[in-house]
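Just so you know, residue 1 is the first one in the sequence shown, and it goes up from there.
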Amino acid sequence: MFRKRPPPEEERRVRANDREYNEKFQYASNCIMTSKYNIITFLPINLFEQFQEVANTYFLFLLILQLIPQISSLSWFTTIVPLALVLSITAVKDATDDYFRHKSDNQVNNRQSQVLIRGSLQNEKWMNVRVGDIIKLENKQFVAADLLLLSSSEPHGLCYIETAELDGETNMKVRQSVSVTSELGDSNNLASFDGEVVCEPPNNKLDRFCGTLYWREKKYPLTNQNMLLRGCVLRNTEACYGLVIFAGPDTKLMQNSGRTKFKRTSIDRLMNTLVLWIFGFLVCMGVILAVGNAVWEREVGSLFQSYLPWDPPVDNFLFSAFLSFWSYVIILNTVVPISLYVSVEVIRLGHSYFINWDQHMFCSQCNTAAEARTTTLNEELGQVEYIFSDKTGTLTQNIMIFNKCSINGQTYGEVTESLGPQLKGLDFTPFNPLADPNFCFYDDTLLESVKVGDLHTHEFFRLLSLCHTVMSEEKSEGELLYKAQSPDEGALVTAARNFGFVFRSRTPGTITTTEMGRPVTYTLLAILDFNNIRKRMSVIVRNPEGKIRLYCKGADTVLFERLHPCNQELMNITSDHLNEYAADGLRTLALAYRDLSEDEWETWSESHRCADKATDCREDRLAATYEQIEQDMVLLGATAIEDKLQEGVPETIAVLSLANIKIWVLTGDKQETAVNIGYSCKMLTDDMTEVFIISGHTVQSVRQELRRARERMIELSRTRDGGKEERMEGWGEACFMGNGFKEGQEGDVLAGGEKQPQCSPSPPPPPNFMENISGEFALVINGHSLAHALEADMEREFVSTACACKAVICCRVTPLQKAQVVELIKKHKKAVTLAIGDGANDVSMIKSAHIGVGISGQEGIQAVLASDYSFAQFRFLQRLLLVHGRWSYLRMCRFLCYFFYKNFAFTMVHFWFGFFCGFSAQTVYDQYFITLYNIVYTSLPVLAMGIFDQDVPDQRSLEYPKLYEPGQLNLLFNKRQFFICIAQGIYTSVVLFFVPYAVLSDATQSTGVPLADYQTFAVTTATALVIVVSVQIALDTGFWTVFNHVFVWGSLGSYFTIMFALHSQTLFRIFPNQFHFVASAHSTLMQPVVWLTIALATAICTVPVLAVRFLKLDLKPQLSDTVRYTQLVRQKKRKPLGRSVGGAWRGKGSVSEGRLGARGGSRRSGYAFAHQEGFGELITSGKNMRLSSLALATFASRHSSSWIDTLRKKKHTHSHTPPSASEEGSPAPTYVSGSIPPLSNSSSILGGSQDTPIEETGTAPAPNTQIVRPSSSHTPPSLAPDSDAAAPQVPGAGALTSAAAKCHGGDSPGSWTLTLGSVQEALFGWKSITARNSASSSPGAPSSARETIQME
């Protein structure tokens, strides 16, 4: 543990099978440690961390003061007991958290691995593996350390790995050993291997390795293709051997994991500041009272020296004042009692249990409940502004499904909604015994087309069965297992298999298929490999009749350019189909073929052979030859594959966007795939103003692209805003779309934006200016560009550009880059960040963010173990933030405000009393009341409020996402709110002291005995204090439960019970020296004047509070006030047989939609293909052909209901609907060129309850209404939808409504008349709403609904 750390490495030298040689370099062992403490270091480190809390240090200081008898007027146990309790509770919690980290570490470190030791394989724990050892891995095993692949059971030293733990990708990757070691296939040969590796030192670059192998006086270069990294899983390979190069903390996985950080909330940090301020205030009060003591002792006290001398240590008035100062510091320390921190921990623990117990966040499919793995960050969940999400496994399920296709102009896969819940997949077994039983397809017309022998359909599936790099193994007759390098290819080949074109096997020169039950063997002449530049792959085959044909599949954008001119009409139709598929978020490929003559083939083959053998510019020459042959092709059609999103992802993102939360996707996946998922989950829409792609390879090019993007944003914003009126409308729309605008900024910000000069290449404009431009923008940036953007001199350029965008997608990023992006936003935006992921590649991001959320998915538990919160589905994030997070923040803020109020009201009475007791540090209350005030009398009611309180129910929190915004703006507890609470507490203390003092000074009992004695005054003031703070918490509580009633009234009752007991004769007889005032409480409270005094003080304290709150509610209501009020009015207006909101709103003039994301804009490609370059060359070389039958993993598609079926929306229609009779006379929204275009049809808003009917009137567009969309193309008439199709409900989130028109009109007059527009202006930040359909929503020209609610 205390071993000296070795110096940093410049290079690493590793000799195989020689531990003695390798140990002299002191390389790290393979033992990992993610925990923070051990048995020896726990106590000192944990106490050090806890005393970093200013309050803990403050109470320790007070404890030391109370141990000095000359200045202490309170017993020391009143401080040490609560302090020890707080430290113990926190220590136990930290120890428990760290215990689970130790448990996880031990689980990993104790995994077994086969290590070659002295010529034989022995089982060793992972923690005992050393650098230089040779390890044997078997199929489906995790790689124990970073290994150099030496040999494999596969031909030519190949092996297949899955890297989901590293980069989130589940498609297999191939690794190959150095040819000279690939022949060392068994342990006997490897035992004599003594090669030495010289390589780079440990680093975090996952995609790079540089080294050299020296063996038998020769050297061999080593690259990343020869390495197996820790965290990978061996797939479809029986066994392989590897040499350990990096172990434990030196592995690339651990280098990317980041350090465990001590996370604290912004409220914790604010409280530290406030405690310092309070301490300063305490010192000031002590100084004032000490000065008063000095003056009094000099002027008045000296007169009493003859019979009231100073205590022995005191010999002058200055020393008396010095001791008085410290005495008052002790007495007044209750302004921040230690019970505050105990209560905070209890409240946080309660909030954590609510998260754990929430049945709405329980996933029944995987039997996993949500878990709050920490109790310190709950209120921070209510202040999140940026979410950083992984893609694979977090937004998607990693399941590829063959969803639709277009063949010769005919689209297949559309399922009519009339089938409803009786939807059943086709049964392929009678037609094809080799079909995959897990494959699901619902359109029987495609199967019929295959059965009747349609030539185009047959050629379509023949292409899919031949043009790929899939490997196949048939373990028994008809039992096929496909080994696909990408899940896309697996889905396409499986689709061909089910429709009668079964890929059976391949050799380096042949492909064997079964076509409609007939075995056919094709000669494989060439594979034109895929890469990210070509975006296509081709094969050239010769069929049994000797005919040569080229089959090609790839992105439509590149394939259509290479078609024969005769395909123009078919290309237009297929292009429309591709538009629909891309709008549905599907991953598309276009398919084409070309017939070749023998002469063409021979000529091209010779040029290809020359290019393949070229020593310089080989890749460029091969690309040129590929380009030469891939011309004049004939279009067959297109495929559409669904990368299945997790349930509820689009709705969750829509709701979080309305809550002013920006979502960034950080993924290791390729750009096309990430962008397609962005469209699928509605982060990106075709109605966005512009999507910017940053792909520069140098710092200068990245800087130029970022600046061009900003200039374009400003230009489009000015064009969009136009004049002043349009600018204000544009602001309203942008605010509605969730562009991060704050209320009250519209005029200044956009007016300022208009005056700004043209963006110059000099420093970037202020981030606030960029954030407040109008329009919807998105940014897509690649990993190599991001590396430059994260450099010190580029940070502000990147942040100012990215934060102006509604959506940001970072592709091909490393785990460390994910963490760097999070740190960048934390540094420059000072916003609360949340990171969510499910794999080990997300661990560093999760640790870096303020809040880390792990999804217990298919990529292991590393993310969950590193997270603060975990659950099974991304959609639960909506409830975690908008319900639990918002409630936790609200409760904590109300708790703190009340706590500071009641303690200042309690403590400041001592301050005022000091002026009347000769500044002698005499307390107003007896010490038992002082001790019990925060422990018994007022602790439970405020705990009940902090744990159970809520302003609106959870359903309303989800329906009105704008309620989340006060937390982001930190409105409920800040320095201003703190001073308001302090002022109220001081005012209450003034009333509680001076009202009883003024009344009792001249009051008498009924017997004529004066009431102006110390104990009567103390009892009266204490009773008034307890009653006032109880009334105050009753006013502050917004949600009453049984616990609130029991605690509030029970605490009040306990006060009287304990007070009468302390003044009873029984205790006096037992402890005569402790309880002097026998029956004084009884005699005091028997006096009517005392109760009148208490009532008067209570009224003076509470009436101004009530008046201020009523005025605030009337003149400046908060969002939650508006929601509660509208809900109350709705309940009053409820009809016995009321309709649902959606049904009521939907009139004859409404246009419903069945497909989300209708397209009217320019076409974009839905192309995405998770494939890598290099497999084609491996296949044609024969290197990856099996020598024996091996156990393979199946990559067949699995049946799962498509999320798109639940969100299908029909295309926008430009038809005009006549107004209904009830709508006549209402103004219709009109649009002219240059005005604000309709809102995005894929933008969603949540509004209204689904079960509370409202009286409403509807307004449909007039017949002459013209809708101008910002797109350049229009929907073909043939694709117009059925206007009666209804979109399904979004469960638990209100109605998802797409607004396509804005109502121009002010709010209805009258101080107590609410229109729906005014309510939603307060709730959503936009002027008016067009339609709220809970049964259907329209992207076209929906009826404009207006609701008027009159108070009765």
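Here the CG atom belonging to L824 is positioned 8.0 Å from the SG atom belonging to C803, to the nearest 0.5 angstrom. Distance check, rounded to the nearest 0.5 Å: CG of D842 to CG of L666 gives 9.0 Å. Rounding to the nearest 0.5 Å places CD1 of I781 at 6.0 Å from CG of L706. Here I825 contributes atom CD1 and E823 contributes atom CD; the two are 11.0 Å apart, rounded to the nearest 0.5 Å. Distance OH/Y581 to CG/N676: 14.5 Å, rounded to 0.5 Å. For the atom pair CD1 of I694 and CD of E797, the computed distance is 11.0 Å after rounding to the nearest 0.5 Å.
Between E690 and R712, at least one side-chain nitrogen of the basic residue sits less than 4.0 Å from a carboxylate oxygen of the acidic one, meeting the salt-bridge criterion.
Proximity of a side-chain donor or acceptor of T394 to a complementary backbone N or O of K391 within less than 3.5 Å is not detected. Listed for the T833 side chain is no donor-acceptor partner under 3.5 Å among the backbone atoms of K826. When atom types are taken as modelled, the side chain of N782 and the backbone of C811 share no donor-acceptor pair closer than 3.5 angstrom. Under a 3.5 Å cut-off, the side chain of Q968 and the backbone N or O of V384 do form a donor-acceptor pair. Counting only distance, with no hydrogens or angles, the side chain of E380 and the backbone of S266 share a donor-acceptor pair below 3.5 Å.
For A802 against W664, the heavy-atom pair with the smallest separation is CB-CH2, 3.5 Å. In terms of heavy atoms, T265 sits closest to E379 at OG1-OE2, 3.3 Å. Counting all heavy atoms, side chain and backbone alike, P815 lies closest to S844 at O-OG, 2.7 Å. When all heavy atoms of Q817 and G783 are compared, the pair lying nearest together is NE2-O, 3.3 Å. In terms of heavy atoms, S701 sits closest to G696 at OG-CA, 3.4 Å. What you find for G837 and A863 is that their closest heavy atoms are O-CB, 3.7 Å.
Looking at T801 and F777, their side chains never come closer than 4.5 Å, going by heavy atoms from C-beta outward. The shortest side-chain heavy-atom distance between R812 and Q671 does not fall under the 4.5 Å cut-off. Contact of the V822 side chain with the K818 side chain is not registered, since no non-hydrogen atoms from C-beta on lie closer than 4.5 Å. A 4.5 Å side-chain heavy-atom check between K682 and I653 finds every atom pair outside the cut-off. The closest side-chain heavy-atom distance from C893 to I267 is below 4.5 Å. Two residues are said to be in side-chain contact when any heavy atoms from C-beta on lie closer than 4.5 Å; T814 and K205 fail this criterion. Residues K662 and V808 form no side-chain contact, since every pair of their non-hydrogen atoms from C-beta on lies 4.5 Å or further apart. Residues L972 and Q977 fail the side-chain proximity criterion, which asks for heavy atoms closer than 4.5 Å.
Take T652 and apply the side-chain contact (heavy atoms from CB on, under 4.5 Å) test, not counting sequence neighbours, and it matches L656, F874, R875, Q878. Judged as a side-chain contact (heavy atoms from CB on, under 4.5 Å), and not counting sequence neighbours, the contacts of R708 are Q704, E705.
Using bins of under 30°, 30° to 60° and over 60° for the plane-to-plane angle, the ring pair H784/H697 lands in the parallel bin.
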Problem - Stepwise side chain to side chain contact (heavy atoms under 4.5 Å, CB included) test for V821 and V813 - result: CA-CA 10 Å; V821 171; V813 294; 6.0 Å; no
Exercise for the section: Run the numbers on Y964 and N660 for side chain to side chain contact (heavy atoms under 4.5 Å, CB included), then give the verdict. Expected result: CA-CA 8 Å; Y964 189 79; N660 203 32; over 6 Å; no
Practice task
Give the intermediate values and the outcome of side chain to side chain contact (heavy atoms under 4.5 Å, CB included) for residues T689 and S717.
Solution key: CA-CA 9 Å; T689 311; S717 176; over 6 Å; no
Practice task
Tell me, with the steps shown, if I387 and L881 meet side chain to side chain contact (heavy atoms under 4.5 Å, CB included).
Solution key: CA-CA 11 Å; I387 292 176; L881 298 184; 3.8 Å; yes
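In this structure, R976 places its CZ atom where only 12 or fewer heavy-atom neighbours from other residues, nucleotides or ligands lie under 6.0 Å away.
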